[in-house]
Structure formats: C-alpha cells, structure tokens
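All values reported here derive from a predicted model rather than from experimental measurement. All values below come from the heavy atoms of this structure, side chains included, with hydrogens, waters and symmetry mates left out.
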Amino acid sequence: MRWHVWRHWSVRTRLLAMTAIPLAYLFCTFVWYAYQSRLSEVREEMAERGPLVAKVLADSSEFSLASRRYDDLRLTINGLLRADPSIDRIEVVDAQRRELVHAAARASGGGQELRYFEAPVLKRLMWVAMLGPDGKPYQKDRPFGASGTTVETMGYVRVTMSPSALLLKQTHRFYVELLVGSLGLLACVLLAWQLAKGLDASLHASMQALREADAEKRRLIRKVNSAVEDERKSIALEIHDELNATLIAARLEAQRIADASADGEVRERAQSIIKLTLGLYNSGRSLVRRLRPEVLDMLGLDGAVEEMVRHYDSARSGCRFAMAVHGNFSRMEGGIAISAYRIVQEALSNVVKHARASQASVTLALANGELRMEIADNGKGFDATQVCTGIGLVGMRERVYACNGRITIDTALAAGTHIQIVMPIH
C-alpha cells in the first residue's frame with residue numbers, strides 16, 4: 001500500500017481519521033496501562049500478604065509443634081486454605097527441614113507464577129527463679145550462660161501463594177475499566193462522526209459555492225474576451241472600410257495631381273503624399289491584422305500561428321523562430337482558436353521584447369480532445385518567485401483559465417523560459 005493513499009480519501013474520511021487515530025492510540029495506551037497496573041497490584045498484594053500469612057501462621061504454630069499436636073495444626077492450615085484462595089499450599093517443617101505438615105489447595109495454580117514465603121517457628125523459654133531447700137533461688141535446667149529468656153527455632157512455615165485468585169479479581173476490575181473506556185471511545189467516535197458529517201456538509205456547500213463562483217468567473221472572462229474580440233473586429237472593420245478606403249482615395253487623388261502636373265514642387269508634393277498614404281495604408285493593414293487576424297478564418301489556427309512565427313522570424317529581431325504542428329486543426333471551435341492565437345501572440349511578443357533570446361520555438365499539438373501548446377526560448381528568463389507578474393502573463397493565465405485549461409511556466413535566471421499550455425477543445 002502506498003503511503004499517499006489518503007490523497008484519495010473524502011473530506012469526511014480524513015476528518016474521521018484525524019480524530020479516530022489519536023483516540024485509538026490513547027485507548028490502546030489506556031488499556032495497556034490498566035492491564036500493567038492490575039498486574040502490578042497483584043504482585044504488590046502477594047508481596048504484602050505472603051509474609052504476613054507466614055508470620056501469623058508461624059506464631060500460632062508454636063504450641064502445636066511444641067506439643068506435637070499436628071492434627072490441630074493441619075485443621076488450622078486447611079481452614080486457612082479454604083478462607084484464602086490466593087494460598088496454593090502450606091508446608092510446616094522442623095528445624096532440620098523435615099516435613100511435618102503439608103496441605104495444598106484443591107485447585108492448584110501450578111501453571112501460574114508462584115511465590116514462596118517462609119517464616120520461622122520460634123520457641124520462647126522464660127526462666128523463672130525458684131527457691132531451693134536451702135532458701136536460695138535457682139532456675140531448673142537453665143543452660144549455662146542463658147539469659148532470662150531464650151529463643152529457639154523449632155521449624156519453619158512455608159507459604160506458597162498463587163496469583164490466580166488475585167488475577168481473577170483484578171481481571172474483573174480490568175474488564176469494567178475496559179468497558180468504560182470502550183463506551184467512552186464509542187461516544188467520541190460517534191461525536192466525531194456527527195461533527196465530521198456536519199463539517200463535511202458545510203465544506204461541500206462551500207466548495208459548491210466556490211465552484212459556482214469559479215464557473216461564473218470563467219463565463220465572465222469568456223464574455224469579456226468575446227466582447228473585446230467583437231470590439232476589435234468592429235474597429236478593424238472601421239479601419240478597413242473607412243480609414244483604408246479614404247487613404248486609397250487620397251492616394252489616387254495625389255496620383256492624378258502628380259500625373260497632371262509638370263516637374264516641379266507640385267509634382268514632388270504629390271509624390272510625397274502618395275508615399276505617406278501608402279505607408280499609412282500599410283500600417284492600417286497591419287493594425288487590422290493585429291486587431292482581427294483574418295488569416296485565422298482562412299487558414300485556421302495552425303496556419304495563422306505559422307504566419308505569425310514567419311513574421312517574427314523575418315523581423316530581424318536577432319532571434320530565430322521555429323514551429324512544429326501535430327494534428328488536424330480544421331474543425332477547432334472559433335472561440336478556442338482565437339484564445340490560443342492571442343496566447344501565442346502574447347508569448348512571442350514577450351520573447352521579442354524581454355527575453356533577449358537567440359532561438360525560440362512554438363509547438364502546437366491536437367490529440368485526445370486537448371490542445372497542447374509549448375513556447376520555449378533560450379533567453380535570460382526570470383525569477384518566478386520574486387519578479388512581479390506582468391500584464392501579459394496575467395492575460396495569458398486568464399485566457400487559459402477561461403477555457404478550463406492549465407498553464408505551466410518553467411523559468412529561471414539565465415535558463416530561458418518554457419511555457420506549457422493544455423486546453424480542452426470540447
């Protein structure tokens with residue numbers, strides 16, 4: 001599984017994951033801590049109870065061992081085994097470690113972690129002074145050098161503790177804690193689900209509003225571009241029909257004056273007027289082509305761009321231009337064609353004005369329902385992270401954006417500029 005599979009998750013799934021993963025981690029930590037705490041409590045209770053039981057039983061066994069009344073001691077031990085299920089077995093041995101009394105619980109915890117505790121059975125002798133026949137005090141059978149009280153070890157009591165019963169009690173507590181924690185986790189997950197559901201609905205509504213606003217912006221840009229192109233077309237027609245026609249008439253009148261005049265100042269002035277009107281006419285024709293490239297209607301996008309590249313290549317700007325075309329452009333919709341033409345026009349204008357390049361290329365490709373354009377040069381480039389984006393690049397981006405396309409500008413200082421544009425044609 002690839003780590004970035006989450007990129008395909010929905011917003012609700014991501015919100016739930018952001019909430020559930022920390023909760024699951026906290027829950028697992030809580031369960032582990034509770035389990036270890038219960039085990040620790042069992043060990044501590046065994047360590048506290050075992051020595052106490054052994055000590056109490058050793059103190060109560062002194063008389064039974066001294067009087068060799070083992071049956072009474074066995075009854076006491078069996079009663080203790082029935083009363084305390086945590087005791088696995090009890091052994092009483094003499095001072096030479098010979099077994100005197102042995103009793104084990106019926107349900108032995110042989111597979112558990114048994115703990116052994118041992119306490120000595122002590123015989124305490126208190127020497128009492130008595131009066132002899134001569135009236136002097138004496139202590140009968142008192143060893144030499146013994147003090148008023150002597151202590152002897154008669155045997156040992158060995159208590160074996162099993163954690164089974166303690167673990168069972170702690171297990172019940174652990175299950176209660178686990179149930180409470182699970183209910184809390186479930187409540188948190190349900191709350192997170194409701195919050196994620198609400199946030200997801202709100203986010204979807206916001207995204208839908210943004211999509212509608214984005215679509216409206218694209219439609220507005222297309223309408224503005226269409227209005228601009230219509231206005232350019234109207235201005236081009238005015239220049240072609242009015243200004244150029246007037247210039248042609250002025251040129252013909254000047255030509256008649258020149259033909260009717262003898263050599264002299266009048267004829268020279270008429271020839272000057274003819275040159276001026278011819279220059280203005282050519283400028284008007286060039287302006288008309290820039291405002292409304294009629295070659296786009298006659299030759300299509302590929303032909304119009306090819307003529308543009310040929311014009312820039314022959315303009316002696318110091319940069320050589322090349323072009324490559326792939327695909328059939330005869331059925332391209334007019335709005336897409338004019339937008340693509342304007343984009344290439346702006347890009348080549350930037351190459352001539354700013355790039356200081358010696359080579360530039362234009363590539364048009366039409367395939368899989370997409371128009372791909374690449375404009376590259378080997379000029380000075382620019383720092384895209386610092387330089388202020390000019391009006392030309394803004395216009396290019398807006399045209400591409402209005403056509404639901406994508407534009408990528410790859411550039412760096414002294415590394416040239418490479419522009420890639422992809423536009424759907426349907």
Side-chain angles (χ1 to χ4, degrees), residues 7 207-233 290-293 295-297 299-309 312 321-352 354-355 360-377 381-382 384-385 387-412 416-426:
R7 296 177 183 271
M207 292 177 64
Q208 183 62 29
L210 287 175
R211 292 191 186 98
E212 293 176 358
D214 183 71
E216 184 65 25
K217 181 180 178 181
R218 292 176 188 271
R219 287 193 296 269
L220 180 60
I221 293 176
R222 285 197 293 268
K223 288 183 179 180
V224 170
N225 289 336
S226 178
V228 170
E229 292 299 331
D230 291 342
E231 187 65 21
R232 286 181 173 181
K233 183 177 180 180
R290 286 181 59 85
L291 290 173
R292 179 63 183 178
V295 69
L296 187 64
D297 299 326
L299 301 179
L301 176 62
D302 52 341
V305 173
E306 186 175 359
E307 182 184 2
M308 185 196 311
V309 171
Y312 278 111
F321 291 83
M323 181 176 177
V325 178
H326 307 283
N328 183 10
F329 291 80
S330 59
R331 296 183 179 181
M332 179 173 290
E333 191 265 328
I336 299 294
I338 189 64
S339 295
Y341 181 85
R342 294 301 185 193
I343 291 171
V344 175
Q345 187 179 45
E346 183 61 38
L348 294 183
S349 176
N350 288 338
V351 172
V352 173
H354 309 294
S361 64
V362 178
T363 302
L364 298 181
L366 192 61
N368 301 323
E370 290 183 338
L371 170 62
R372 295 180 177 272
M373 299 184 291
E374 294 187 13
I375 302 97
D377 65 74
F382 59 90
T385 62
V387 72
C388 181
T389 304
I391 187 76
L393 291 179
V394 172
M396 292 170 59
R397 292 182 188 277
E398 288 184 350
R399 287 185 182 275
V400 173
Y401 176 79
C403 296
N404 299 317
R406 305 185 304 274
I407 180 171
T408 304
I409 302 177
D410 184 13
T411 183
T417 303
H418 186 194
I419 302 176
Q420 290 182 312
I421 300 167
V422 179
M423 298 167 58
I425 60 175
H426 299 298

| request: Applying side-chain contact (heavy atoms from CB on, under 4.5 Å), run through Glu306 and Leu364 and close with a yes or a no. | output: CA-CA 10 Å; Glu306 186 175 359; Leu364 298 181; over 6 Å; no
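In this structure the side chain of Asp302 never reaches within 4.5 angstrom of the side chain of Met332, judged on heavy atoms. Looking at Thr408 and His418, their side chains never come closer than 4.5 Å, going by heavy atoms from C-beta outward. A heavy-atom distance below 4.5 Å is found between the side chains of Ile343 and Met373.
Smallest separation of non-hydrogen atoms from Asp377 and Ala355: OD1-CB, 3.9 Å. Across all non-hydrogen atoms, the minimal contact from Asn328 to Leu366 is O-CD2, 2.9 Å. Taking each heavy atom of Ala340 and Leu371 in turn, the nearest pair found is CB-CD2, 3.7 Å. Closest of all the heavy-atom pairs between Phe382 and Thr411 is N-OG1, 3.2 Å.
Distance check: Ile425 CD1 to Ile336 CD1 gives 8.5 Å after rounding to the nearest 0.5 Å. We find the CD1-CD distance between Ile419 and Glu346 to be 9.5 Å, quoted to the nearest 0.5 Å. Distance check: Tyr312 OH to Gln345 CD gives 6.0 Å after rounding to the nearest 0.5 Å. Between the CD1 atom of Ile375 and the CG atom of Leu348 there is a distance of 7.0 Å, given to the nearest 0.5 Å. Atom CD of Glu398 is separated from atom CD1 of Ile407 by 11.0 Å, given to the nearest 0.5 angstrom. Note that CG of Asn350 and CG of Leu393 are 5.5 Å apart. Values are rounded to the nearest 0.5 Å.
The backbone N or O of Ala322 lies less than 3.5 Å from no partner atom in the side chain of Ser361, so there is not a single donor-acceptor pair.
Residues satisfying the side chain to side chain contact (heavy atoms under 4.5 Å, CB included) criterion with His326, sequence neighbours excluded, are Ala324, Thr363, Ala365.
We find that Arg372 and Glu374 are not joined by a salt bridge, their nearest charged nitrogen and carboxylate oxygen being 4.0 Å or further apart.
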